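Only one structure is covered here, and it is reproduced in the block below.
As the structure is a computational prediction, the values presented were derived from the model and not from experiment.
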Amino acid sequence: TLCVLVLCLLPHFGWALSYKQGDPVILYVNKVGPYHNPQETYHYYTLPVCRPKEVRHKALSLGEVLDGDRMAESLYNIHFKENTERQTLCKLTLSEKEVDQLREAIEELYYFEFVLDDIPIWGFVGYMEESGFLPHSHKVGLWTHLDFNIEYNGDSVIFANVSVKDVKPEPLEEGGGGAGHGVSSGGLTVTHTYSVRWFESTLPHSRRAERLRDYSFFPKTLEIHWLSIINSLVLVVLLLGFVIIILMRVLKNDFARYNVEEDGGCDDLDQGDNGWKIIHTDVFRFPLYKSLLCAVLGVGAQFLTLATGIIVMALLGMFNVHRHGAINSAAIVLYALTSCVSGYCSCSFYTQIQGQRWVWNIILTSALFSAPLFFTWSVVNSVHWWSGSTQALPATTVLLLLGAWVLVGFPLTVIGGIVGKNRAGNFQAPCRTRNIARQIPQQPWYKHTAVHMAIGGFLPFSAISVELYYIFATAWGREHYTLYGILLCVFAILLSVGACISVALTYFLLSGEDYRWWWRSVLSTGSTGIFIFVYSLFYYHNRSNMSGLVQSVEFFGYSLLTAFVFSLMLGTVSFWASLAFIRYIYRSLKMD
């Protein structure tokens, strides 16, 4: 299964195809769908269009299938560097039902996607015009002629697009009958034609991705606002500096005050003291729900590793506009391979804090993300299957993914857990813990969990708010993300802000003689996921034109999963930062 997963990536790293004069160049038809709903796609041949007698599909990679691609051979006869003018593709007689189907598709702004030599070609199925109020005019037409413009350099294809310039659409009258051109008693007769024109280009094959990136069938909304990005980075750096400087000054004063009595032992420090020093015998008291806490830390560490790996692969140029679904394939392979990280981190720490049910801990770790993912995917895939969308995964792909988890992901989690359990040392606590817990005084409102979650979630969110728009526009729009260097910097700053804010909030918590910092440190910055989900609601209603049940279910389902992943990652970082901070301050006290 691991070999199969790795092989799924191979189609994305293929070599350039070379052609000779007159060689056939296969044009694949792929999918159609509403222009404003990127994830609502259907097979091109679900429309009443020209098709071969026997539909032959292209072998696709895992990433392409996950991306909704369903490529099939077409009737277009294209030969390398040979121009064709007004070639007949086929003649169709459309029934009233088929005409209504085309009218509905055109009114919903359906576009099609073809693929030629791994180059996507986009165009609209038809033309719609609304004019006037009194009298009102509503015209719908079908594009029955397509002009293919293909650029080449030497023996390779560089770029291709389709145009309908100087072409009149075939009018589709209401109900499929009436006064339309080519109408017969049996329905509407249309003739599909095409032309092919070849143009020489100076762009080398290695740089043809630049040509596609500069082409704009879809609107270019992803402008690089460098000033906003730099402003965000500067504010974050100033925030970090402010927190660090203030915290160090406060700690310096605390150390100077607490270490005056050098002869007092650990048990004598309770006398007349207050603040974080007085709870030294309770601060390392292990929390409730140990197994769940360790599972969160393990899965969070796994996604930190996975996210770093994806960004590094992107910086190495392994993902570009010609490699359909490459990121999807890489994410699945990395998720399976990094399962050992979650098992190791979870079971190792679970053993350190004297957990006994390590088998249950491994099972919980493996299911903490995979169970919500499976539930969400089941709902989304069922909706796609009900609507006939190409986003519904075939049974073979489902079995492949299930096999990847059963034969690779889960076993690696178990192996990592066993290694972590055997290699786990003792929990390094500078102070011993008393058997009887100390009573926690009543806390003011601004030290409650909800307030800490609001503060700890908003600040990291503000650090990524600008970049988050670009990510959403890429994942839920038509954009191609290329700012991977900036993304790496923003990712590092996000983790740094989360760590610093968590340390500051943990200090304020301990200063109030409240030693329940374990779960509080996870929730404080883990709440960033809530802000990200709220932003997704804002993006859906104010920054996109998405609509309909199919698109909405996918958007909100996977946005909720994304928020959960961010919560796991930031909760893990904030916990380890708080633990390191607490060990440092209590180790720095002069105690017997």
Could you tell me whether the side chain of [X] and the main chain of [Y] form a donor-acceptor pair under 3.5 Å?
{"X": "T397", "Y": "L393", "result": "no"}
{"X": "Y335", "Y": "F303", "result": "no"}
{"X": "Q443", "Y": "G512", "result": "yes"}
{"X": "T390", "Y": "G68", "result": "yes"}
{"X": "T376", "Y": "L373", "result": "no"}
{"X": "S559", "Y": "F556", "result": "no"}
{"X": "S346", "Y": "C294", "result": "yes"}
{"X": "K421", "Y": "W358", "result": "no"}
{"X": "N422", "Y": "I418", "result": "yes"}
{"X": "S329", "Y": "G63", "result": "yes"}

Do [X] and [Y] have side chains that get closer than 4.5 Å, going by heavy atoms?
{"X": "L495", "Y": "L304", "value": "yes"}
{"X": "L510", "Y": "D514", "value": "no"}
{"X": "S465", "Y": "Y535", "value": "no"}
{"X": "N37", "Y": "V550", "value": "no"}
{"X": "F575", "Y": "F349", "value": "yes"}
{"X": "Q302", "Y": "C345", "value": "no"}
{"X": "L62", "Y": "L400", "value": "yes"}
{"X": "I279", "Y": "R438", "value": "yes"}

ring-ring contact (aromatic ring centres under 6.0 Å, His included) evaluation trace for Y539 with W476: CA-CA 10 Å; Y539 181 88; W476 301 108; 8.6 Å; no
Minimum heavy-atom distance between G498 and T525, given as atom pair plus value: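 So the two residues come closest at O-CG2, 3.4 Å.
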I436 CD1: over 12 foreign heavy atoms closer than 6.0 Å: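 Counting other residues, nucleotides and ligands, CD1 of I436 stays at 12 neighbours or fewer.
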Atom CG of N542: over 12 foreign heavy atoms under 6.0 Å: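 Atom CG in N542 is packed in, count exceeds 12.
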From [X] [atom1] over to [Y] [atom2], what is the distance, rounded to the nearest 0.5 angstrom?
{"X": "N361", "Y": "C347", "atom1": "CG", "atom2": "SG", "answer": "5.0 Å"}
{"X": "Y469", "Y": "R543", "atom1": "OH", "atom2": "CZ", "answer": "7.0 Å"}
{"X": "L297", "Y": "W576", "atom1": "CG", "atom2": "CH2", "answer": "6.0 Å"}
{"X": "I362", "Y": "I415", "atom1": "CD1", "atom2": "CD1", "answer": "10.5 Å"}
{"X": "L306", "Y": "L337", "atom1": "CG", "atom2": "CG", "answer": "9.5 Å"}
{"X": "R516", "Y": "D282", "atom1": "CZ", "atom2": "CG", "answer": "11.5 Å"}

Between W276 and Y515, ring centroids under 6.0 Å: no
Ring centre gap for F508 and Y446 strictly below 6.0 Å: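 No, the ring centres sit 6.0 Å or more apart.
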F581/W517 under ring-ring contact (aromatic ring centres under 6.0 Å, His included): CA gap, chis, key distance, verdict: CA-CA 12 Å; F581 169 74; W517 63 272; 9.8 Å; no
Is it true that the side chains of [X] and [Y] contain a donor and an acceptor less than 3.5 Å apart?
{"X": "Q39", "Y": "E554", "value": "no"}
{"X": "S348", "Y": "R423", "value": "no"}
{"X": "T413", "Y": "S366", "value": "no"}
{"X": "T365", "Y": "S342", "value": "no"}
{"X": "T305", "Y": "T338", "value": "no"}

Residues S578, S502; criterion side-chain hydrogen bond (donor to acceptor under 3.5 Å, both in side chains); working and verdict: CA-CA 6 Å; S578 296; S502 176; 2.7 Å; yes
Ring-face cation contact, F427 with R583, 6.0 Å cut, 45° max: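 That pair qualifies as a cation-pi contact.
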W405 and F410 aromatic ring geometry - parallel, tilted or perpendicular at 30°/60° bounds: tilted
